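I have placed the structure first, in the form of structure tokens, so that the comments after it can refer back to it.
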Amino acid sequence: MTVVTRFAPSPTGLLHVGGVRTALYSWLYARRMGGKFILRIEDTDRERSTDEAVRVILDGMAWLGLDHDEGPYYQTQRFDRYREVIQRMLAEGTAYRCYCTKEELEQMRKEQLERKEKPRYTGVWRDRTDARPGVEPVIRFKNPLDGVVVVEDVIHGPVTFQNAELDDLIIARSDGTPTYNFCVVVDDMDMGITHVIRGDDHLNNTPRQMNMLRALGATPPVYAHVPMILGPDGAKLSKRHGAVSVLQYQEEGFLPDALLNYLVRLGWSHGDQEVFTRAEMIAAFDIHEVNKAASAFNPEKLLWLNQQHMMRASPGELVPHLRYQLDRLGIACDDDKLLEGIILAQRERAKTMKEMAENSRFFFGAEIAIDPKAAAKHLTPETRGSLTEARDRLAALADWAAPAVHDAVNALATEKGVGLGKIVQPIRVAISGGTVSPPIDITLALLGRERTLARIDAALKQIAR
RNA sequence: GCUCCCAUCGUCUAGAGGCCCAGGACAUAGCCCUCUCAAGGCUGUAACACCGGUUCGAAUCCGGUUGGGAGCGCCA
């Protein structure tokens with residue numbers, strides 16, 4: 001039997017890292033097993049579903065490279081099918097009409113709560129066949145009254161529920177539209193889902209879904225309920241930290257592989273390995289090894305991993321990412337070779353591609369703004385002499401490349417009997433505007449002769465004033 | 001309230017009865033390297049929630065306590 005998994009988000013909120021991780025686990029398992037991965041949008045709640053949320057799901061999955069083999073399916077396009085199944089269940093007696101009003105149900109709940117009971121539908125219409133004029137009925141599933149249903153969960157092991165704890169849930173509203181738990185059941189059945197991998201907030205829904213599946217003559221799939229992701233403070237994930245749209249991670253300069261790598265390690269491990277390529281993840285991941293406990297989202301480790309991926313990727317792979325970030329800063333550059341050089345020079349001093357772009361602004365444009373504090377320290381009458389000398393030696397270089405620059409500044413420092421820093425820092429401030437940059441030889445090589453000399457001249461002029 | 005789930009360093013985790021006075025990673029502190037900042041290397045601080053059992057022996061098995069979480073909608 002080939003494995004079929006699915007990711008079934010509802011577009012009522014923006015796709016965040018919690019959703020992405022369950023998507024990742026489903027995707028990884030399908031890829032690992034050579035199976036199929038289906039994307040399904042659970043948009044039956046038309047009130048709260050938004051086009052924006054659907055867009056984030058589609059764009060986010062595409063950005064992450066979590067490609068689906070089927071879909072996206074939309075539940076709102078399958079209403080005819082749901083109606084058909086409901087008619088069948090009514091005919092077979094596994095579902096029935098309930099004419100209770102919302103007010104009556106509300107009252108029932110209130111009284112049960114007062115008696116410190118678990119609020120649930122008592123089943124008053126379960127065996128009635130009459131109707132109540134003036135009330136549009138809902139359709140309820142006829143859940144077994146006794147016995148148990150055991151969820152053989154891949155992550156949690158067997159979890160037993162008493163049928164007596166379960167009430168008859170509504171599968172169609174009084175306006176005829178089907179509800180979530182029912183649609184999931186029909187879809188999972190119709191789409192041949194073999195493994196349902198989802199958040200463990202759904203564990204409590206599972207026995208009902210299994211009962212419905214069995215009532216329809218289907219065999220329940222294998223379930224894997226993965227733990228939730230908490231915020232850095234250990235509390236529920238909120239907008240404050242990780243519960244932002246996945247696309248925001250793109251804007252912040254994270255690499256898709258790094259985010260995926262971070263997420264796969266949250267709740268799962270493979271020996272002492274921390275850094276995984278996509279291929280390594282697919283080869284090593286096993287849903288059976290996922291932990292049971294919730295885990296807190298740690299932005300610092302994500303940052304570290306992102307840099308690890310930046311340092312391990314080939315520069316060419318990162319060019320589009322750097323270009324995207326430069327674009328956002330209003331800098332256009334079509335020189336791939338230059339961008340690759342910048343990536344090589346900058347990647348061990350930036351945690352994100354956004355940070356890399358920001359740190360690299362001085363490579364572009366004619367003029368730069370010099371940080372007053374840096375100038376006060378390094379562009380002074382005292383450094384003026386050596387800076388002038390350095391300028392002249394650089395100007396005289398026949399070959400404008402890192403080794404030549406390196407030799408020139410080293411020679412000057414040796415001759416003057418000073419540390420290299422004394423020569424290099426003024427140059428660095430002059431050409432970058434600040435005290436921090438990649439090694440000076442590499443930086444100047446990338447910057448080019450014209451810009452370097454022009455900026456040093458400008459700095460010298462500033463000292464003169 | 002009821003039902004279900006969960007519990008190792010601050011965080012992510014290793015650990016499936018002796019290999020553990022608990023290992024790795026992030027973070028953090030110190031040192032080294034060094035033209036700045038990083039990256040890198042080395043060293044350190046730091047955890048089995050608690051109480052009972054079972055056993056020659058428990059982080060590992062069992063029970064309870066405590067603490068977290070989820071569900072209990074004509075939401076998904």
Side-chain angles (χ1 to χ4, degrees), chain A residues 8-13 42-45 47-49 75 98 100-102 105-106 109 112-121 136-140 151 153 155-156 159-162 165-167 169-177 179-181 183-184 199-207 225 227-228 230 232 234-236 262 265-275 291-305 307 311 346-351 359 374 378 406 409-410 413 419-425 427-429 432 434-441 443:
Chain A
S10 84
T12 51
E42 313 223 317
D43 55 352
T44 52
D45 184 351
E47 296 285 300
R48 298 197 302 152
S49 295
Q75 291 187 324
C98 163
C100 286
T101 62
K102 287 182 184 177
L105 293 173
E106 199 49 55
R109 251 192 297 278
Q112 286 165 329
L113 246 13
E114 276 167 8
R115 274 182 267 127
K116 300 198 185 298
E117 283 171 16
K118 180 177 181 171
R120 51 220 248 270
Y121 178 67
E136 279 304 319
V138 298
I139 314 290
R140 288 183 185 269
V151 181
D153 194 273
I155 291 167
H156 293 274
V159 181
T160 305
F161 294 85
Q162 300 290 327
E165 288 291 335
L166 276 21
D167 63 0
L169 78 160
I170 293 172
I171 60 177
R173 305 178 180 99
S174 46
D175 67 2
T177 58
T179 59
Y180 167 78
N181 275 107
C183 295
V184 168
D200 66 10
D201 48 335
H202 288 285
L203 186 52
N204 288 294
N205 288 329
T206 307
H225 288 95
M228 317 210 64
L230 274 21
K236 198 165 153 186
Y262 176 72
R265 277 282 292 103
L266 220 51
W268 175 81
S269 64
H270 186 66
D272 286 341
Q273 189 172 352
E274 295 287 351
V275 184
N291 285 163
K292 296 193 258 202
S295 40
F297 187 83
N298 184 335
E300 267 136 17
K301 190 155 184 179
L302 205 211
L303 247 11
W304 174 79
L305 258 178
Q307 183 171 33
M311 291 192 295
Q346 294 282 46
R347 63 182 177 179
E348 61 228 20
R349 59 206 99 231
K351 300 278 191 196
N359 292 346
H378 297 288
H406 184 261
V409 292
N410 266 294
L420 230 202
K422 287 270 183 264
I423 303 298
V424 155
Q425 279 305 81
I427 301 177
R428 176 168 280 126
V429 174
S432 77
T435 56
V436 174
S437 88
I440 204 69
D441 50 352
T443 306

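These numbers were taken from a predicted model, which means no experiment stands behind them. Naming: A, B, ... by sequence-line order, numbering from 1 per chain.
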With the sugar-phosphate defined as primed atoms, P, OP1 and OP2, and the base as all remaining atoms, what B/S/- string results for nucleotides 9-14 of chain B, 5' to 3', for protein heavy atoms under 4.0 Å? --BBSS
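Using a 4.0 Å heavy-atom criterion, one finds that A:Pro9 contacts no nucleic acid atom at all. Residue A:Thr177 is classed as having no contact, given no heavy-atom separation below 4.0 Å to the nucleic acid. Contacts of A:Glu47 with the nucleic acid, taken as non-hydrogen atoms under 4.0 Å apart, are absent.
When the nucleotides B:C74, B:A70, B:C35 are ranked by their closest atom to the side chain of A:Val138, B:C74 comes out on top. You'll find that the side chain of A:Trp304 is closest to B:A25, out of B:C4, B:A25, B:U36. Closest to the side chain of A:Arg349, from the set B:C37, B:C5, B:A27, is B:C37. Between B:A76, B:C72, B:C35, one nucleotide has an atom nearer to the side chain of A:Val424 than all others, and that is B:C35. Nearest to the side-chain atoms of A:Pro439 among the listed nucleotides B:C74, B:C4, B:U36 stands B:U36. Which of B:C74, B:U36, B:A70 sits closest to the side chain of A:Asp201 comes down to B:A70. Closest to the side chain of A:Val436, from the set B:C6, B:A27, B:C37, is B:C37.
Rounded to an integer number of Å, the gap from A:Arg428 CZ to B:C35 P is 10 Å. Between the NE2 atom of A:His406 and the C1' atom of B:C35 there is a distance of 9 Å, rounded to whole Å. To the nearest angstrom, C1' of B:G73 lies 11 Å from CG of A:Asp45. The CG atom of A:Asn204 sits 12 Å away from the P atom of B:U3 (whole-angstrom rounding). In this structure, CG of A:Asn410 is placed 9 Å from C1' of B:C35, rounded to the nearest angstrom. Distance NZ (A:Lys118) to P (B:G71): 13 Å, rounded to an integer number of Å. The interatomic distance linking A:Lys292 (NZ) with B:U8 (P) rounds to 12 Å, in whole Å. Residue A:Ile171 contributes atom CD1, which lies 16 Å from atom C1' of B:G73 at whole-angstrom precision.
Within 3.5 Å, no donor on the side chain of A:Thr179 pairs with an acceptor on the base of B:C74, nor the reverse.
Taking a pair to require two hydrogen-bonding distances under 3.5 Å in either a Watson-Crick or a G-U wobble arrangement, B:C2 pairs with B:G71. Nucleotide B:A49 forms a Watson-Crick or G-U wobble pair with B:U65, both donor-acceptor distances falling under 3.5 Å. Across every strand in view, B:C31 sits in a pair with B:G41 that passes the Watson-Crick or G-U test at under 3.5 angstrom.
In this structure, A:Lys236 does not reach the B:G68 phosphate: none of its side-chain N or O atoms is under 4.0 Å from OP1 or OP2. For A:Arg115, no side-chain nitrogen or oxygen approaches OP1 or OP2 of B:G1 to under 4.0 Å. Distances shown here put every side-chain N or O of A:His225 at or beyond 4.0 Å from the OP1 or OP2 atom of B:C5.
Atom OG1 in A:Thr179 sits 10.0 Å away from atom CZ in A:Arg140 (nearest 0.5 Å). Note: A:Ser437 OG to A:Arg349 CZ = 7.5 Å, rounded to the nearest 0.5 Å.
Under the ring-ring contact (aromatic ring centres under 6.0 Å, His included) criterion, A:His202 pairs with A:Tyr180, sequence neighbours left out.
A distance-only check finds no donor-acceptor pair linking the side chain of A:His378 to the backbone of A:Thr435 [under 3.5 Å]. Between the A:Arg347 side chain and the A:Ala350 main chain, no donor and acceptor come within less than 3.5 Å of each other.
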